[in-house]
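Just so we're on the same page: letters track the sequence lines, and every chain starts at 1. Just so it is clear, the structure is predicted and the values come from calculations on it, not from any experiment.
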Amino acid sequence: MTDSGDRYYITTAIDYPNSRPHIGTAFEKIGADVQARFRRMEGASVHMLMGNDENTIKVPQRAREMGLEPRAYVDDMARQFQDVWRALEISFDDFIQTSEERHHVGCRKFIQAVYDAGDIYKGKYAGHYCTGCEAFKTEKEVAEGSGKCPNHPNTPLTWVEEDNYYFRLSAYRERLLAHYAAHPEFIQPESRRNEILSLVESELKDVAITRKGFAWGIKTPFDPEQTIYVWFDALLNYITGIGYGTDDERFARLWPADMHVIGKDITRFHCALWPAMLMSAGLPLPRMVFGHGFVYRKNEETGEVQKLSKSLGNVVEPMELVEKFSAEAFRYYFMSQCPFGGDGEFSFERFASVYNADLADKLGNNYSRTLTMWARYLEGRLAGEPVDATQWRKGIDFQALVTSVREQVGAFEYNVALQRIWREVIEPGQRFIDETKPFKLAKTDPEACRAVLVNLADWMRAAAILIKPFLPRTAESYYRAFNFDETTPWDRVRYADALTPLNQVGLHVTAPLSAGKPAPLFPKVEVRDAG
RNA sequence: GCCGGGGUAGCUCAGCUGGCUAGAGCGGCGGUCUCAUAAUCCGCAGGUCAGGCGUUCGAGUCGCCUCCCCGGUACCA
């Protein structure tokens with residue numbers, strides 16, 4: 001799946017710390033995390049990097065508003081972001097803040113390398129300048145503000161020309177096109193690739209990469225009056241975060257990245273500007289860039305689908321859902337309901353409905369059923385001759401199923417993979433109980449009842465393994481409900497282990513039970529109360 | 001305008017390089033079990049696959065045209 005052997009370096013986009021993360025940003029992180037967890041299961045040595053993009057003009061502004069030093073402000077925001085990511089079980093290995101020294105050092109080294117390569121020249125940037133923001137406004141912003149700055153409608157914009165440095169992006173057009181052709185998998189999914197292809201084929205303009213007069217940010221080494229501008233600075237986090245300019249050995253070990261997970265809106269920066277920058281600096285390119293879709297908010301009453309925005313007042317904070325439901329439920333909803341490469345929708349009502357149907361009634365309920373019967377009919381412990389533990393999945397080509405689910409998860413087709421797991425693993429387990437009726441067999445044919453229950457143990461083991469990247473906690477509860485861990489330790493389980501025969505020797509329930517029952521994994525909720 | 005992506009059952013989505021009577025989940029309706037979180041399981045519900053033309057023995061699945069929705073259009077999360 002990756003040609004970099006057993007190492008897998010995956011990144012997510014770094015976020016502006018102006019406001020706290022919402023469910024859309026969480027969507028990206030979870031999608032990347034599922035991949036990271038999956039690759040770890042497959043035996044890769046995974047490094048997952050996340051971070052915040054702090055060298056923006058809004059940072060000192062916001063800090064001032066809150067009466068803080070910029071540094072204190074970004075540190076506090078970084079802590080808050082990480083709290084959310086941890087609550088969502090995002091298994092990141094490192095978190096970079098672009099205000100950190102390691103980033104500054106690496107940035108300066110990089111821009112100097114590009115400068116030395118002759119790809120940076122001094123030019124004039126001209127645009128609408130807002131004295132209130134002390135910044136240039138884009139044409140789009142000006143249009144939105146009907147000719148004025150959206151933030152300062154009473155301050156007239158002035159047309160200002162400024163000397164600053166340009167990166168010779170246009171010079172890389174041919175090389176970029178050659179790279180896309182030679183590596184068709186470079187841009188994912190397909191739709192994003194087409195978009196970039198036509199963009200680069202049409203025209204590439206040089207980009208200004210420095211600005212004048214900012215105290216906050218990274219100074220340009222060859223001209224201390226200039227500060228490195230947003231994109232040139234931000235993209236570099238992917239290399240400064242693994243030691244570029246500060247730890248050569250580590251950088252050599254981890255670069256190039258196997259996967260940049262980003263939002264579809266910033267595809268061009270990652271698929272055109274970034275590779276060109278790397279080419280100029282003489283560094284290898286990342287193997288893939290995945291531009292995921294967006295999460296929209298569906299208004300329950302009107303049925304209207306809207307963008308998440310502060311002004312519409314429809315922003316949903318991840319912690320709200322985590323507290324009301326659980327991180328597992330949060331992860332499950334977005335991974336199963338929103339195709340990662342496309343757009344998805346969120347509503348509280350639908351969230352609760354999916355939660356009840358797939359998690360409470362299926363995953364959770366069958367856990368309770370199985371364990372209760374084990375306790376009641378076998379006193380939690382298996383004795384006697386081994387039985388055929390694969391009865392529950394007769395009629396399913398389990399080998400083919402595991403193979404295709406692996407491919408789908410590896411290709412970020414999470415919603416499809418989960419649907420298959422539910423339809424061909426989770427639900428057959430429930431149907432098996434219904435068809436064999438172990439609760440009746442217990443009275444008429446204890447041996448047959450025992451065989452059914454052994455099958456259910458195998459079912460739980462297989463389910464645990466397959467859902468592990470998506471629902472790490474639940475998967476672990478499933479796996480540790482029996483002493484499976486003695487045969488294959490939980491942290492070393494691979495997808496292929498779902499196919500290995502169940503070890504029935506000494507098999508027994510290890511889940512905590514009270515009065516012969518486990519605590520519900522996903523307590524059912526009222527759909528109406530969801531919001 | 002230009003470029004790109006879409007339009008498949010009430011809702012959310014699958015349908016790979018064209019081929020059995022177009023699928024799943026949810027919702028809805030009827031029935032069932034009792035191990036379980038009043039959960040499960042079974043059956044039913046019939047959508048001109050946006051519309052038209054064409055290629056083909058055969059098209060959601062390819063080509064062209066029309067309508068509608070969305071995104072991008074560059075230094076913007």
task: Side chain of A/I433 only, please: which of B/U34, B/C35, B/G71 is the nearest?
output: B/C35

- prompt: According to a strict under-4.0 Å criterion, is A/K524 in side-chain N/O contact with OP1 or OP2 of B/A39?
  reply: yes

message: Applying a 4.0 Å non-hydrogen cut-off, can you work out what A/S368 is touching in the nucleic acid: base, sugar-phosphate, or nothing?
response: base

field: Matching residue for A/F27 among A/Y296, A/Y414, A/F346, A/F340 - test: ring-ring contact (aromatic ring centres under 6.0 Å, His included)
entry: A/F340

message: Both A/I266 and A/S336 contact RNA chain B. Taking the nearest nucleotide for each, which residue is further toward the 5' end?
response: A/S336

task: Side chain of A/P520 only, please: which of B/G72, B/U37, B/U40 is the nearest?
output: B/U37

query: Using the C1' atom in both, what is the distance from B/G6 to B/C49, to the nearest Å?
result: 14 Å

- prompt: Within the structure shown, what part of the strands sits under 4.0 Å from A/L521 by heavy-atom distance: base, sugar-phosphate, or nothing?
  reply: base

Mate of B/A24 where both pairing distances stay under 3.5 Å, Watson-Crick or G-U: B/U12

- request: Confirm from the modelled atom types if A/N365 and B/A36 form a donor-acceptor pair under 3.5 Å, side chain to base only.
  value: yes

- prompt: Syn or anti: how is B/G52 classified when any glycosidic angle within 90° of 0 counts as syn?
  reply: anti

- request: Using Watson-Crick or G-U wobble geometry with both distances below 3.5 Å, tell me the partner of B/C29, or none.
  value: B/G43

Given B/C26, B/A14, B/C35, the nucleotide with the shortest approach to the side chain of A/K362: B/C26

message: Less than 6.0 angstrom from the centroid, inside 45 degrees of the normal: does A/K324 satisfy that with respect to the ring of A/F348?
response: yes

- prompt: How is A/N415 classified with respect to the nucleic acid when contacts are heavy atoms under 4.0 Å: base, sugar-phosphate, or nothing?
  reply: sugar-phosphate

field: Side chains of A/T25 and A/D15, donor plus acceptor under 3.5 Å
entry: no

message: What is the distance, to the nearest angstrom, from the CZ atom on A/F294 to the C1' atom on B/G4?
response: 15 Å

- prompt: Between B/C41 and B/C57, how far is it from one P atom to the other, in whole Å?
  reply: 47 Å

message: Base, sugar-phosphate or nothing for A/Y377? Non-hydrogen atoms, less than 4.0 Å.
response: sugar-phosphate

C1' atoms of B/U8 and B/C69, separation to the nearest Å: 15 Å

query: Expressed in whole Å, how much space separates the P atoms belonging to B/C20 and B/G30?
result: 35 Å

query: Within this structure, what is the CZ-to-C1' distance between A/F412 and B/A14, rounded to whole angstrom?
result: 20 Å

query: What nucleic acid atoms does A/R376 come within less than 4.0 Å of, heavy atoms only: base, sugar-phosphate, or nothing?
result: sugar-phosphate

message: Please classify the nucleic acid contact of A/E345 as base, sugar-phosphate, or nothing, using heavy-atom distances under 4.0 Å.
response: sugar-phosphate

- prompt: Is A/R450 paired with A/E447 through a side-chain N to carboxylate O contact shorter than 4.0 Å?
  reply: yes

query: Touch check for A/G364, heavy atoms < 4.0 angstrom, all strands: base, sugar-phosphate only, or nothing?
result: base

Nearest-Å distance once atom P is located in both B/G63 and B/U21: 24 Å

message: Below the 4.0 Å mark, does B/A36 have OP1 or OP2 next to a side-chain nitrogen or oxygen of A/K517?
response: yes

field: C1' spacing across the pair B/A77 / B/C64, given as an integer number of angstrom
entry: 39 Å

- request: Using atom types as modelled and distance alone, determine if a side-chain donor or acceptor of A/D206 lies under 3.5 Å from a backbone N or O of A/S170.
  value: yes

task: Could you state the atom-to-atom distance from CD of A/Q188 to P of B/G4 in whole Å?
output: 19 Å

query: Distance between the P atoms of B/G5 and B/U12, in whole angstroms?
result: 22 Å

query: Within the structure, does a side-chain N or O atom of A/R423 lie under 4.0 Å from either OP1 or OP2 of B/A14?
result: no

- prompt: Taking only side-chain nitrogens and oxygens of A/R431, does any of them come within less than 4.0 Å of OP1 or OP2 of B/C42?
  reply: yes

message: From CD of A/Q408 over to C1' of B/A24, roughly how many Å is that when rounded to an integer?
response: 14 Å

task: On RNA chain B, check which nucleotide each of A/I209 and A/Q337 is closest to and give me the residue with the more 5' one.
output: A/Q337

Whole-Å gap separating P (B/G31) and CG (A/D434): 18 Å

statement: Between A/F269 and the options A/Y238, A/F167, A/W231, the ring-ring contact (aromatic ring centres under 6.0 Å, His included) test singles out A/W231

field: Assigned partner base of B/C67, Watson-Crick or wobble definition, under 3.5 Å
entry: B/G7

query: Is the A/W459 ring parallel, tilted or perpendicular to the A/W392 ring (thresholds 30°, 60°)?
result: perpendicular

message: Which nucleotide wins on minimum distance to the side chain of A/T25, given the candidates B/A77, B/C35, B/C13?
response: B/A77

- prompt: In terms of side-chain geometry, is the basic nitrogen of A/R461 or A/D458 positioned less than 4.0 Å from the acidic oxygen of its partner?
  reply: yes

Rounded interatomic separation in angstrom, taking CG from A/N356 and P from B/U12: 20 Å

message: Going by purine N1 to pyrimidine N3 plus the second Watson-Crick contact, or the G-U wobble pair, all under 3.5 Å, which nucleotide sits opposite B/G1?
response: B/U73

task: Can you tell me, in whole Å, how much space there is between the P of B/A9 and that of B/C3?
output: 29 Å

message: Rounded to whole Å, please give me the gap between CZ in A/R268 and P in B/G4.
response: 14 Å

- prompt: Does the side chain of A/R350 pick up a donor-acceptor pair with the side chain of A/Q337 at under 3.5 Å?
  reply: yes

- line: Of the listed B/C33, B/G71, B/C13, the closest approach to the A/F439 side chain comes from B/C33

statement: Mate of B/A59 across any strand shown (Watson-Crick or G-U wobble, both atom pairs under 3.5 Å) is none

Touch class at under 4.0 angstrom, heavy-atom based, for A/Q430 against every strand present: sugar-phosphate

- request: Whole angstrom is fine here: how far is it from OH in A/Y333 over to C1' in B/C26?
  value: 11 Å

